[in-house]
Engineer: 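My structure is below; once you've seen it, I'll send some questions.
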Amino acid sequence: MKRSFAAILFAMALVAFAIPGIARADDGEDDDEDGRGPDRKISEIVDRVDAERIQESVERLEAFGNRNSCSDTQAPGRGVTPAREWIFKQFSQIKGLNVALDPFVHGNCPNTPTFNVLAWLPGTTHPERLVIIGGHYDSRTIGLFDVTSDAPGANDSGSQSSVVLELAKVLSHERHANTIVFVTFSGEEQGLFGSGSIAAKIASASKVGLPAFFQGSQAIAMLNNDIVGGDNFVNGPAELGKFRLYAAGTPREIGSRAADGTADNTSPSRGLMRFIATWGTPYVPGFEMITKLRNDRPGRSSDQRSFTENAIAAVRFMETVECSPSPIDNSCSGPFPCPSPLSLLPATDARRTCLLGFAPGDPTTGMIAHQHSQLDRSEFVTAEYSARIAKVMAATAASLARAPLAPTFPKDAKGSPVPPTVNAAGAVTLTWQSADRVAHFVIAARATTENFYRRRVKVSGRATSRTVTPAELGLTAGQAFLISVAAVAKGHESLFAYPEFRCEGSVCAVPANALNVTAFK
């Protein structure tokens, strides 16, 4: 098995698991706890993630040669169809999982059999509530429809498919209250065909085309990972200690090439981002989440977009630096290598390293870019890095799968959430409803200049309203802020209710654009 030099760096960097707070078991009793400590069973799940298994899966996927969505079977053991069959077999060998092929129509190769591979671990209490984990398995060269050239796709998309398979293995050791769905998508590289199809089905009331199990289901959140191999050519020790997390605002930043969004915005995906920061990253000490306040890189996209377009909270996990030859808007269609004038790149742009040929590369061009090229090979994948991504995703998914539903806010005659009231002293009275019996609620707020909540105010599980002062929330009088409430049951906290309300002066209101979660700019 190939191992990168970065493995040594990770071995030196690993520390014993420790999260400040209350070390708690999932014993179902948490009336006197605030739920802010590590969960023993989730810690055990996280500890099961195996970098060597991830590397083995990456190498196996690489060996299929070309996984272009339109490639079908090019030769024995070569092409997207043999790769799909291998993934299906891996899922099928995991005890407790249900597995199915999910067909979809690929507009660019309508006569080629195209499928997502779908697996699910049914929930014990609320099987209709879905926590979705995904990553695509198709690969490509610079030529979008090149089905014959080598497209090993070790990082893009071997790493993400391998992470999904690993998460299926470790999360299936336990049963969870809610259902966890694992999907490897195809058709991503040419236009999100696979994820677009299944996300629309999941969001639909009828869910035509999905297995009968999914009828009446409700998606809670979707965790997408794409390019999480920790390319060791452009990511050094500092970069391997971080990852990017993309979370779209409202409207979603898709066509815009402007700077990232601002904290004075709210969206279901941003709420999921905050959940990951609270219940995912603390299980992987020393691994920093770089919050990216937009749908994806300017002009680019991945499978999380298919879910946000269907009003499902979704985010993308991604390595810190990608070794890509593609222009920022992914407009190049060949020939290989993709033209990208170096004069247009700032001196600090890591793609300069990928394009200048500082190491042996393609024998005909000297090019060494990895993404979307013949050089996206497993020797550049840092499996220990992919494993850390997997650990954050495992902790997040397990926490969501054990949590109650987020509370909801009463609505007015027009169906809009009723904002909190504010008294003369600036105290806010928040009112909510809960679909579940819970131990307690948590009210939290953040300044409009901040991404994350400050203090958390614990409220009785029998309450349906609470008046809180700015001081209780860690805010100063007159400061503009966003506020919401979450539910806690059996030590597990829900997502915060959506939308957050924006309060300033004597008024709280639903922020502009907050309810139009599928709009984009």
Engineer: Side chains of S301 and N295: do they bring a donor and an acceptor to under 3.5 Å?
Structural biologist: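 Short answer, yes.
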
Engineer: Quick test of your reading of the model: are E253 and R297 salt-bridged, counting only N-O distances below 4.0 Å?
Structural biologist: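 Not counted as a salt bridge, because no side-chain N and carboxylate O are separated by less than 4.0 Å.
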
Engineer: Going by side-chain hydrogen bond (donor to acceptor under 3.5 Å, both in side chains), name the residues that satisfy it together with T467, two or more places apart in sequence or in a different chain.
Structural biologist: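 Expected list: T429.
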
Engineer: Which residue pairs pass the disulfide (SG to SG under 2.5 Å) test with at least one member in residues 466-500, sequence neighbours excluded?
Structural biologist: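 Pairs touching residues 466-500 that pass the test: none.
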
Engineer: Not counting sequence neighbours, which residues clear side-chain contact (heavy atoms from CB on, under 4.5 Å) with Q190? List them please.
Structural biologist: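 Scan of Q190 (side-chain contact (heavy atoms from CB on, under 4.5 Å), adjacent residues dropped) gives N68, S69, H106, N108, D138, L144, F145, F193.
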
Engineer: Please list, chain by chain and in numerical order, all residues satisfying side-chain hydrogen bond (donor to acceptor under 3.5 Å, both in side chains) with R446, sequence neighbours excluded.
Structural biologist: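 Only E500 meet the side-chain hydrogen bond (donor to acceptor under 3.5 Å, both in side chains) criterion with R446.
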
Engineer: Does the plane of the ring in W120 sit parallel, tilted or perpendicular to the ring in F214? Use 30° and 60° as the thresholds.
Structural biologist: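 Ring orientation of W120 relative to F214: perpendicular.
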
Engineer: Which pairs would a plain distance check flag for residues 219-226, meaning a side-chain donor or acceptor within less than 3.5 Å of a matching protein atom at least two apart in sequence or in another chain?
Structural biologist:
residue, atom, partner, partner atom, Å
N224, ND2, S302, OG, 3.1
N224, ND2, Q304, OE1, 3.0
N225, ND2, G134, O, 2.9
D226, OD1, H136, NE2, 3.4
D226, OD1, Q160, NE2, 2.7
D226, OD2, S302, OG, 2.6

Engineer: Does anything in residues 446-496 form a disulfide (SG to SG under 2.5 Å)? List the pairs, not counting sequence neighbours.
Structural biologist: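 Qualifying pairs, neighbours excluded: none.
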
Engineer: Roughly how far apart are N155 CG and I227 CD1, rounded to 0.5 Å?
Structural biologist: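 So the gap between those two atoms works out to 6.5 Å.
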
Engineer: With rounding to the nearest 0.5 angstrom, report the OG to CD1 distance, S399 to I276.
Structural biologist: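 Rounded to the nearest 0.5 Å, the OG-CD1 separation comes to 10.5 Å.
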
Engineer: For the residue pair F441 and W432, is the inter-centroid distance of their aromatic rings smaller than 6.0 Å?
Structural biologist: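 Ring-ring flag for F441/W432: true, centres closer than 6.0 Å.
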
Engineer: Taking E128 for the side chain and S217 for the main chain, is one N or O donor matched with an acceptor at less than 3.5 Å?
Structural biologist: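 Checked: no pair found.
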
Engineer: Distance from E384 atom CD to L240 atom CG, nearest 0.5 Å?
Structural biologist: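 If I round to the nearest 0.5 Å, the distance is 9.5 Å.
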
Engineer: I'd like to check the salt bridge (charged side-chain N to carboxylate O under 4.0 Å, His left out) partners of R175; sequence neighbours left out, ordered by chain and number.
Structural biologist: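 So R175 forms no salt bridge (charged side-chain N to carboxylate O under 4.0 Å, His left out) with any residue.
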
Engineer: Would F409 and F501 satisfy ring-ring contact (aromatic ring centres under 6.0 Å, His included), going step by step from the backbone distance to the final call?
Structural biologist: CA-CA 10 Å; F409 298 116; F501 292 107; 4.6 Å; yes

Engineer: For residues 504-521, which side-chain N or O atoms pair as donor and acceptor with protein atoms under 3.5 Å away, sequence neighbours left out?
Structural biologist:
residue, atom, partner, partner atom, Å
E504, OE1, R502, NH1, 2.8

Engineer: Test of understanding: with salt bridge (charged side-chain N to carboxylate O under 4.0 Å, His left out), list the residues that count as partners of K201, not counting sequence neighbours.
Structural biologist: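 Result, salt bridge (charged side-chain N to carboxylate O under 4.0 Å, His left out) vs K201: D102.
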
Engineer: Using a 6.0 Å distance limit plus a 45 degree cone around the ring axis, check whether R274 lies over the aromatic ring of Y453.
Structural biologist: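 Judged by the rule, R274 and Y453 form a cation-pi pair.
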
Engineer: Under the salt bridge (charged side-chain N to carboxylate O under 4.0 Å, His left out) test, which residues partner D260, sequence neighbours left out?
Structural biologist: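 With sequence neighbours excluded, D260 shows a salt bridge (charged side-chain N to carboxylate O under 4.0 Å, His left out) to K292, R294, given in chain and number order.
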
Engineer: Would you say the side chain of L430 lies within less than 4.5 Å of the side chain of V468, judging by non-hydrogen atoms?
Structural biologist: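 Contact flag for V468/L430 side chains = no.
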
Engineer: Distance from N451 atom CG to L482 atom CG, nearest 0.5 Å?
Structural biologist: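 So the gap between those two atoms works out to 10.5 Å.
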
Engineer: List the residues meeting side-chain hydrogen bond (donor to acceptor under 3.5 Å, both in side chains) with S494, not counting sequence neighbours, and say none if there are none.
Structural biologist: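 Partners of S494 by the side-chain hydrogen bond (donor to acceptor under 3.5 Å, both in side chains) criterion come out as none, since no residue qualifies.
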
Engineer: Applying side-chain hydrogen bond (donor to acceptor under 3.5 Å, both in side chains), can you list everything that pairs with E309, at least two apart in sequence or on another chain?
Structural biologist: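 Counting only residues at least two positions away or on another chain, E309 forms a side-chain hydrogen bond (donor to acceptor under 3.5 Å, both in side chains) with R305.
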
Engineer: Would you compute the distance between atom CZ of R300 and atom OH of Y246 and round it to the nearest 0.5 angstrom?
Structural biologist: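 Spacing of CZ (R300) from OH (Y246) equals 9.5 Å.
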
Engineer: Are F185 and Y137 close enough that their ring centers fall under 6.0 Å?
Structural biologist: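 They do not qualify: ring centres at least 6.0 Å apart.
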
Engineer: Which distance, rounded to the nearest 0.5 Å, do you find between the OG1 of T262 and the CG of L293?
Structural biologist: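 Rounded to the nearest 0.5 Å, the OG1-CG separation comes out at 7.5 Å.
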
Engineer: Charged N to carboxylate O below 4.0 Å: is that the case for E493 and R402?
Structural biologist: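 So E493 does not pair with R402 through a salt bridge.
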
